[in-house]
Amino acid sequence: MSAQTPSVSIPADEPARLRAITAELGIPGFVDVHTHFMPVNVLDKVWRYFDAAAENGKRPWPIAYRFDEGERVHRLRELGVLRFTSMLYPHRPGMADWLNDWAADFAARTPDCAHTATFYPEPEAGAGTQRALASGAAVFKAHVQVGGYDPADRLLDPVWAQIQEAGAPVVIHCGSGPVAGSHTGMEPVAEVLARFPRLRLVIAHSGLPEYAEFLQLAEDCERVCLDTCMTFTDFTEATAPFPEELLPRFAQLALDGRVVLGSDYPNIPYPYVHQIEAIRGLGLGAEVEAAILHDNGAVLLGGGC
Ligand SMILES: [Zn+2]
C-alpha cells in the first residue's frame with residue numbers, strides 16, 4: 001500500500017455533509033474525544049500494524065486519513081471538529097514521559113487539541129502523572145490491551161489517585177474488542193473504580209464487545225462515560241453489533257451527559273462522516289444526537305466550544 005494513497009475513498013463533499021448535520025442539529029460543530037496524534041515514528045508503527053492485518057489473517061484495515069500531521073489536523077477542522085485529543089499510549093516501561101512531552105508540545109501548537117497524557121504501571125508512574133498534571137494535562141489515555149497491563153495494578157494507585165483528585169477524564173480502551181488482552185473486560189476496571197469511585201473514566205468503543213456490562217457500569221458509577229469510537233459503524237456492526245435492546249438506556253445515558261463522540265480518526269477504515277451518520281442512523285432524536293456529537297464532549301474536554 002502506498003503511503004500517499006488512502007485506499008478508502010473519502011467523499012469530496014464530506015465537509016459539506018457534516019456541516020449540514022451540525023446546522024440541522026443547531027450545534028457549532030463536533031467535539032471528538034478519541035482521535036490519535038502521535039510522534040511520527042509511533043504513528044508509522046501503528047499504521048504498519050494495521051497494514052499487516054490482512055496478511056496476518058485479520059480483516060483488512062485501510063487507514064482512511066493517511067496524511068502528514070499538518071494535513072490531518074487541517075482535515076479534521078474542515079470536517080467541523082472544534083475540539084479533539086491526541087490519544088497516546090505506551091506498550092512498555094520508560095515510554096510514558098516521552099509521549100507526554102510530545103503531547104504537551106502538540107497541544108501547545110494545536111490550540112483546539114486538548115492536552116493529553118498517558119501512563120504505564122512502573123515505579124515512576126506517580127511522578128510522571130504529577131509532572132503531566134503540573135504541565136497542564138487535562139485528559140488521559142489508557143490502552144489495556146496494547147499496554148498488556150492490569151489497570152488495577154498497585155503501581156497505578158498513585159496515578160489513579162492524582163487523576164481522580166484533578167477530575168481529569170481518562171479515555172480507557174478496556175473492552176475485549178477488537179482484540180482481547182489478558183486484562184481486558186469489565187472486572188479490572190470495576191476493581192479500579194472500587195478503589196477510586198470518583199474517577200471520570202470514558203470507556204472507549206462503548207466497551208466493545210462487552211456493551212451491556214460497560215453500559216451497566218456507567219449507569220452504576222455516575223462519573224463513568226462511554227465513547228462512540230467506531231461503535232455503530234458498518235465495520236464494527238459486522239462483527240460486534242451493538243444490541244438494539246440497549247439503545248433506550250444508551251440514549252438516557254447520553255441525555256445524562258455521559259455518552260461522547262469518539263472516532264479513532266485518522267486510523268479508521270471508512271470516511272469520518274460514516275461514524276456520524278451511523279450514530280444518527282440509530283434514530284435517537286436530535287436532542288440525544290446534539291448531546292453526543294457536541295455538548296457532552298464540550299463539557300468533558302472544556303475549552304469553551
Ligand atoms: Zn483509539
Side-chain angles (χ1 to χ4, degrees), residues 8 30-40 42-51 53 58-59 61-67 69 72-73 75-76 79 81 83-91 95-96 99-100 102-103 106-107 113-114 116-120 139-149 151 169-181 183-184 189 201-211 214 225-233 235-236 239-240 242 259-272 274-276 278-279 292 297 300-301:
V8 176
F30 303 104
V31 177
D32 188 336
V33 308
H34 191 144
T35 60
H36 292 284
F37 290 90
M38 310 178 172
V40 67
V42 180
L43 192 59
D44 279 348
K45 242 178 130 173
V46 171
W47 285 350
R48 282 204 297 275
Y49 169 82
F50 287 116
D51 288 348
K58 300 193 189 114
R59 262 199 304 174
W61 192 308
I63 304 291
Y65 299 89
R66 187 187 290 253
F67 303 106
E69 184 184 287
R72 276 181 277 118
V73 172
R75 285 190 179 236
L76 198 54
L79 298 176
V81 177
R83 192 135 178 83
F84 52 95
T85 58
S86 64
M87 296 274 116
L88 295 142
Y89 43 88
H91 60 276
M95 194 178 172
L99 291 174
N100 291 348
W102 186 90
F106 183 74
C113 181
T116 60
T118 189
F119 48 82
Y120 191 84
V139 187
F140 285 76
K141 164 74 171 180
H143 201 309
V144 172
Q145 178 255 322
V146 170
Y149 59 78
V170 184
V171 177
I172 180 166
H173 183 137
C174 50
S176 304
V179 180
H183 304 284
T184 52
V189 175
L201 296 185
V202 180
I203 309 297
H205 310 284
S206 303
L208 175 168
E210 291 111 344
Y211 301 115
F214 282 107
C225 306
L226 305 178
D227 91 20
T228 64
C229 194
M230 299 192 75
T231 321
F232 312 115
T233 62
F235 187 83
T236 299
T239 54
F242 189 91
V259 179
V260 289
L261 172 66
S263 69
D264 248 346
Y265 177 94
N267 305 333
I268 43 178
Y270 43 73
Y272 192 90
H274 176 56
Q275 172 75 73
I276 305 295
I279 293 168
I292 295 174
L300 196 78
L301 295 186

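Counting convention: from 1, in listed order, for ligands and their atoms alike. FYI, the numbering just counts along the sequence from 1.
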Aromatic ring pairing W61/F235, orientation class (parallel under 30°, perpendicular over 60°, tilted between): perpendicular
Kindly assign one of parallel, tilted or perpendicular to the pair H143 and H173, based on the angle between their ring planes and the thresholds 30° and 60°. parallel
For the Zn ion (ligand 1), the nearest N/O/S atom on D264 is atom OD1
Would you say H36 reaches the Zn ion (ligand 1) with an N/O/S atom under 2.8 Å? yes
Quiz prompt | Metal check, the Zn ion (ligand 1) vs H34 N/O/S, cut-off below 2.8 Å | solution = yes
Rounded to the nearest 0.5 angstrom, the CE-NE2 distance for M230 and H205 is 7.0 Å
Margin query: Quiz question: by atom type and distance under 3.5 Å, do the side chains of H34 and D227 form a donor-acceptor pair?
Written below: yes
